[in-house]
Novice: 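Once you've had a glance at the structure underneath, I'll fire off some questions.
Along the sequence shown, residues are numbered consecutively beginning with 1.
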Amino acid sequence: MPYYARTGDVPPKRHTQHRGGDGGLYSEELMGSEGFSADSSLLYHREIPAAISAARPWELPALGTVANHPLRPRHLRTHTLTAAEGWRSLDVVTGRRLLLGNADVRLCYVAAGAPSPLYRNGTGDECVYVEAGTARVDTVFGTLPAGPGDYVVVPCGTTHRWTPSGDEPLRAYIIEANSHIRPPKRYLSASGQFLEHAPYCERDLRRPAGPLLEEGTDVEVYVKHRGPGAGTGGVAGTVLTYRTHPFDVVGWDGCLYPYLFNIGDFEPITGRLHQPPPVHQVFEGRNFVVCNFVPRKVDYHPDAIPTPYYHANIDSDEVIFYTGGAYGARRGSGIGPGSLSLHPAGHTHGPQPGAVQASIGVEFVDELAVMVDTFAPLELGEGGLACEDPDYAWTWAANAAARGGAG
């Protein structure tokens with residue numbers, strides 16, 4: 001996280017005695033990244049945060065993958081993964097289904113209506129994009145109210161819980177990293193301040209407002225962690241039972257904490273001619289980047305072609321999750337809200353036949369989408385195979401034939 005925050009009751013100096021009103025000593029916990037040589041925070045607990053009384057295996061949702069072979073573009077219809085009322089019994093943690101994954105990142109989806117268990121991802125950061133619905137995200141740092149268009153960035157090791165609200169499903173697109181997820185380095189100064197050319201800044205980020213205190217004994221926390229196992233991507237699950245409730249932090253400070261960023265606060269960078277994908281970048285992780293496409297004024301050169309040109313991802317797989325608006329480049333392909341497309345390295349892709357001509361003269365596009373580019377090939381998970389549109393790969397040829405050519 002690029003800037004320092006402090007909330008609740010913390011002592012004047014680090015690693016010094018800090019006592020409550022009854023004279024009891026609080027337990028200081030350092031959450032530190034990269035071997036305590038990068039961002040960290042200090043949390044002050046009423047009780048001992050390491051006191052566990054039991055442990056049992058957690059059978060994780062299916063994490064096995066199959067190769068995208070023979071190589072072809074894919075279209076996944078995520079909204080078909082859950083039956084009409086089935087979402088009411090699902091939660092964001094145990095109900096998520098793996099769409100695509102590799103050794104660096106797992107892309108999952110869930111439509112949920114039930115509160116999740118307390119949960120901690122010990123393999124890396126999570127970035128959850130809220131497609132629709134609302135939820136309260138309770139964490140050891142405090143509470144975050146999340147709604148449509150919010151990215152909820154949760155650092156590795158953060159105990160938290162999702163509680164959906166309202167009468168509609170909470171639809172969440174989940175980016176699980178095996179690393180940290182941060183703003184792009186090129187947006188930040190050497191000391192971590194957002195620079196003037198960045199499309200968002202510190203004022204757009206929302207953090208927990210204050211400590212969250214809950215009582216309880218023998219409290220279970222579901223932990224995803226590094227572990228062996230063919231077909232699980234090197235990830236294992238354990239349920240730890242804590243003697244007292246983990247939400248007992250009276251204060252914390254530092255630069256490592258969960259936060260929200262809404263896609264509506266991303267200020268698009270435009271130009272006279274079509275801008276390349278890096279101008280849309282919002283986050284980065286190890287061997288992947290996250291971009292978003294938002295409503296914006298488009299290219300204003302008199303001969304500009306606003307729709308993207310055909311392109312080959314020679315170094316990366318490209319995944320786009322379509323979440324709102326109209327997608328001019330994908331007309332006639334079956335793409336709509338809730339769709340997820342995979343265009344793999346080694347395949348040239350671009351607008352559907354007729355989309356280029358139709359875009360000429362357009363001055364504004366109303367699209368909303370989240371893109372993840374990975375530098376290692378993605379494989380298909382159980383959820384991806386369950387919701388695939390088998391005809392998508394052939395839509396360029398079919399649409400061109402229907403028009404009597406691609407001109």
Novice: Do Trp162 and Asp91 have side chains that get closer than 4.5 Å, going by heavy atoms?
Specialist: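 Contact flag for Trp162/Asp91 side chains = no.
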
Novice: Using only heavy-atom distances, determine whether the side chains of His18 and Glu28 contain a donor-acceptor pair under 3.5 Å.
Specialist: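 Distance-only check fails for His18 and Glu28.
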
Novice: Under the side-chain contact (heavy atoms from CB on, under 4.5 Å) rule, what do Trp396 and Gln352 come out as? Steps first, then yes or no, please.
Specialist: CA-CA 6 Å; Trp396 285 269; Gln352 293 286 327; 3.4 Å; yes

Novice: Would you say CD1 of Ile48 has more than 12 non-hydrogen atoms from neighbouring residues, nucleotides or ligands within 6.0 angstrom?
Specialist: no

Novice: Do Val154 and Asn121 make a side-chain contact, defined as non-hydrogen atoms from C-beta onward lying under 4.5 Å apart?
Specialist: no

Novice: Is a donor from one side chain sitting under 3.5 angstrom from an acceptor on the other, for Tyr322 and Ser341?
Specialist: yes

Novice: What's the shortest heavy-atom distance between Gln281 and Pro199, and which atoms?
Specialist: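 Closest approach of Gln281 to Pro199, heavy atoms only: O-CG, 4.3 Å.
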
Novice: Do Glu176 and Leu98 have side chains that approach each other closer than 4.5 Å (heavy atoms only, starting at C-beta)?
Specialist: no

Novice: Show the numbers, then the answer: is there a side-chain contact (heavy atoms from CB on, under 4.5 Å) between His79 and Arg171?
Specialist: CA-CA 9 Å; His79 287 183; Arg171 296 190 174 274; 3.4 Å; yes

Novice: Tell me whether Asn102 contacts the main-chain N or O of Ala376 through its side chain, where contact means a donor paired with an acceptor under 3.5 Å.
Specialist: yes

Novice: Just wondering, are more than 12 heavy atoms of other shown residues or ligands nearer than 6.0 Å to CZ in Arg14?
Specialist: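 No.
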
Novice: Is there a side-chain contact between Pro258 and Leu144, using heavy atoms and a 4.5 Å cut-off?
Specialist: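 Side chain of Pro258 against side chain of Leu144, heavy atoms only: contact under 4.5 Å found.
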
Novice: Taking the six-membered ring for Trp and the single ring otherwise, decide whether the centroids of Tyr109 and Tyr173 are under 6.0 Å apart.
Specialist: no

Novice: Would you name the heavy atoms of Val110 and Val92 that are closest together and state the gap between them?
Specialist: CG1-CA, 3.9 Å

Novice: Looking at Asp248 and Glu47, would you say the former's side chain and the latter's main chain have a donor-acceptor pair under 3.5 Å?
Specialist: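 Side chain of Asp248 to backbone of Glu47, a donor-acceptor pair under 3.5 Å: yes, one is there.
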
Novice: Going by distance alone, is a donor N or O of one side chain under 3.5 Å from an acceptor N or O of the other, for His160 and Glu126?
Specialist: no

Novice: Are Thr270 and Val298 packed together at the side-chain level, in the sense that at least one heavy-atom pair is separated by less than 4.5 angstrom?
Specialist: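 They are not in side-chain contact.
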
Novice: Quick check: does any side chain N or O of Gln275 sit under 3.5 Å from a backbone N or O of Pro277, one acting as donor and the other as acceptor?
Specialist: no

Novice: Strictly distance-based, threshold 3.5 Å: is any side-chain N or O of Thr323 a donor or acceptor partner for the main-chain N or O of Leu368?
Specialist: no

Novice: Indicate whether any N or O donor in one side chain lies under 3.5 Å from an N or O acceptor in the other, for Arg226 and Thr123.
Specialist: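 The criterion, which ignores hydrogens and geometry beyond distance, is not satisfied for Thr123 and Arg226.
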
Novice: Quick one: which residue pairs count as a salt bridge (Lys or Arg N to Asp or Glu O under 4.0 Å) with a foot in residues 254-280, not counting sequence neighbours?
Specialist: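 Every candidate salt bridge (Lys or Arg N to Asp or Glu O under 4.0 Å) pair involving residues 254-280 fails, so no pair, neighbours aside, qualifies.
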
Novice: What heavy-atom pair brings Val219 and Pro246 nearest, and what distance separates the two atoms?
Specialist: CG1-CD, 3.9 Å

Novice: Quick one: CD1 on Ile305 to CG on Asp299, what's the gap to the nearest 0.5 Å?
Specialist: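 Those atoms lie 9.5 Å apart.
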
Novice: Tell me the closest heavy-atom pair linking Cys108 and Arg96, and the distance in Å.
Specialist: CB-CB, 4.1 Å

Novice: Without swapping roles, check the side chain of Asp39 against the backbone of Glu34 for a donor-acceptor pair under 3.5 Å.
Specialist: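 Not confirmed, Asp39 side chain does not pair with Glu34 backbone.
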
Novice: Would you say Tyr392 and Ile335 make side-chain contact, with heavy atoms under 4.5 Å?
Specialist: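 Yes - at least one pair of side-chain heavy atoms lies under 4.5 Å apart.
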
Novice: Run the side-chain contact (heavy atoms from CB on, under 4.5 Å) test on Val235 and Arg106 for me, step by step, so that the C-alpha distance in whole Å, both residues' side-chain angles and the decisive distance to 0.1 Å come before the verdict.
Specialist: CA-CA 11 Å; Val235 180; Arg106 294 174 296 277; 3.5 Å; yes

Novice: Side chains of Thr139 and Leu212: closer than 4.5 Å at any heavy-atom pair?
Specialist: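 No - every pair of side-chain heavy atoms lies 4.5 Å or more apart.
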
Novice: Run the salt bridge (Lys or Arg N to Asp or Glu O under 4.0 Å) check on Glu215 and Arg46 step by step: do they pass?
Specialist: CA-CA 11 Å; Glu215 300 290 340; Arg46 288 176 169 174; 3.4 Å; yes

Novice: Is a side-chain donor-acceptor pair under 3.5 Å present for Tyr151 with Asn292?
Specialist: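 Checked: Asn292/Tyr151 side chains pair up, N/O donor to acceptor below 3.5 Å.
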
Novice: Any non-hydrogen side-chain atom of Leu188 less than 4.5 Å from a side-chain atom of Leu195?
Specialist: no

Novice: Verify, without hydrogens or angle tests, whether Asp125 (side chain) and Ile181 (backbone) share a donor-acceptor contact under 3.5 angstrom.
Specialist: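 Pair found, side chain donor or acceptor close to backbone of Ile181.
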
Novice: Let's go through Leu42 and His15 carefully: what are the C-alpha distance in whole Å and the side-chain angles of both, what is the deciding distance for side-chain contact (heavy atoms from CB on, under 4.5 Å) to 0.1 Å, and is it a yes or a no?
Specialist: CA-CA 9 Å; Leu42 284 165; His15 319 317; 4.0 Å; yes

Novice: Is the number of heavy atoms from other residues, nucleotides or ligands under 6.0 Å of Leu25 CG greater than 12?
Specialist: yes

Novice: Show me the pairs that pass salt bridge (Lys or Arg N to Asp or Glu O under 4.0 Å) and involve residues 375-393, at least two apart or across chains.
Specialist: Arg72-Glu388, Arg74-Glu388, Arg77-Asp389, Arg97-Glu382

Novice: Mind checking the CE-CG spacing from Met31 to Leu256? Nearest 0.5 Å is all I need.
Specialist: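 Spacing of CE (Met31) from CG (Leu256) equals 5.0 Å.
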
Novice: Could you state the interatomic distance from CG (Leu100) to CG (Asp317), rounded to the nearest 0.5 Å?
Specialist: 8.5 Å

Novice: Looking at every heavy atom in both Gln17 and Pro11, which two are closest together, and how far apart are they?
Specialist: O-CB, 4.4 Å

Novice: Quick one: OG1 on Thr78 to CG on Leu340, what's the gap to the nearest 0.5 Å?
Specialist: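 The OG1 atom of Thr78 sits 7.0 Å away from the CG atom of Leu340.
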
Novice: On the 0 to 90° scale, with breaks at 30° and 60°, tag the His197-Tyr187 ring pair as parallel, tilted or perpendicular.
Specialist: perpendicular

Novice: Can you tell me how far apart OG (Ser339) and CG (Leu76) are? Round to the nearest 0.5 Å.
Specialist: 8.5 Å

Novice: Judged by atom type as modelled, is there a donor-acceptor pair below 3.5 Å linking the side chain of Trp252 to the main-chain atoms of Phe141?
Specialist: yes

Novice: Examine distances only and state if a side-chain atom of Asp22 and a backbone atom of Gly24 form a donor-acceptor pair shorter than 3.5 Å.
Specialist: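 Side chain of Asp22 to backbone of Gly24, a donor-acceptor pair under 3.5 Å: yes, one is there.
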
Novice: Donor-acceptor pair, Asn178 side chain versus Ala103 backbone, under 3.5 Å?
Specialist: yes

Novice: Would you please classify the geometry between the Tyr200 ring and the Phe194 ring as parallel, tilted or perpendicular, with 30° and 60° separating the classes?
Specialist: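 Judged by the thresholds at 30° and 60°, the geometry between Phe194 and Tyr200 is tilted.
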
Novice: For the CG atom of Asn262 and the CG atom of Leu205, what is their distance to the nearest 0.5 Å?
Specialist: 11.5 Å

Novice: Determine yes or no for a side-chain-to-main-chain donor-acceptor pair under 3.5 angstrom, with Thr134 supplying the side chain and Ser165 the backbone.
Specialist: yes

Novice: Once side-chain hydrogen bond (donor to acceptor under 3.5 Å, both in side chains) is applied, what residue pairs with a partner in residues 49-63 remain, sequence neighbours excluded?
Specialist: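 Every side-chain hydrogen bond (donor to acceptor under 3.5 Å, both in side chains) pair that includes a residue of residues 49-63, provided the two are not neighbours, is Arg56-Glu220.
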
Novice: Quick check on Glu214: does its CD atom have over 12 non-hydrogen neighbours (other residues, nucleotides or ligands) under 6.0 Å away?
Specialist: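 Yes, the 6.0 Å shell around CD holds more than 12 heavy atoms from other groups.
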
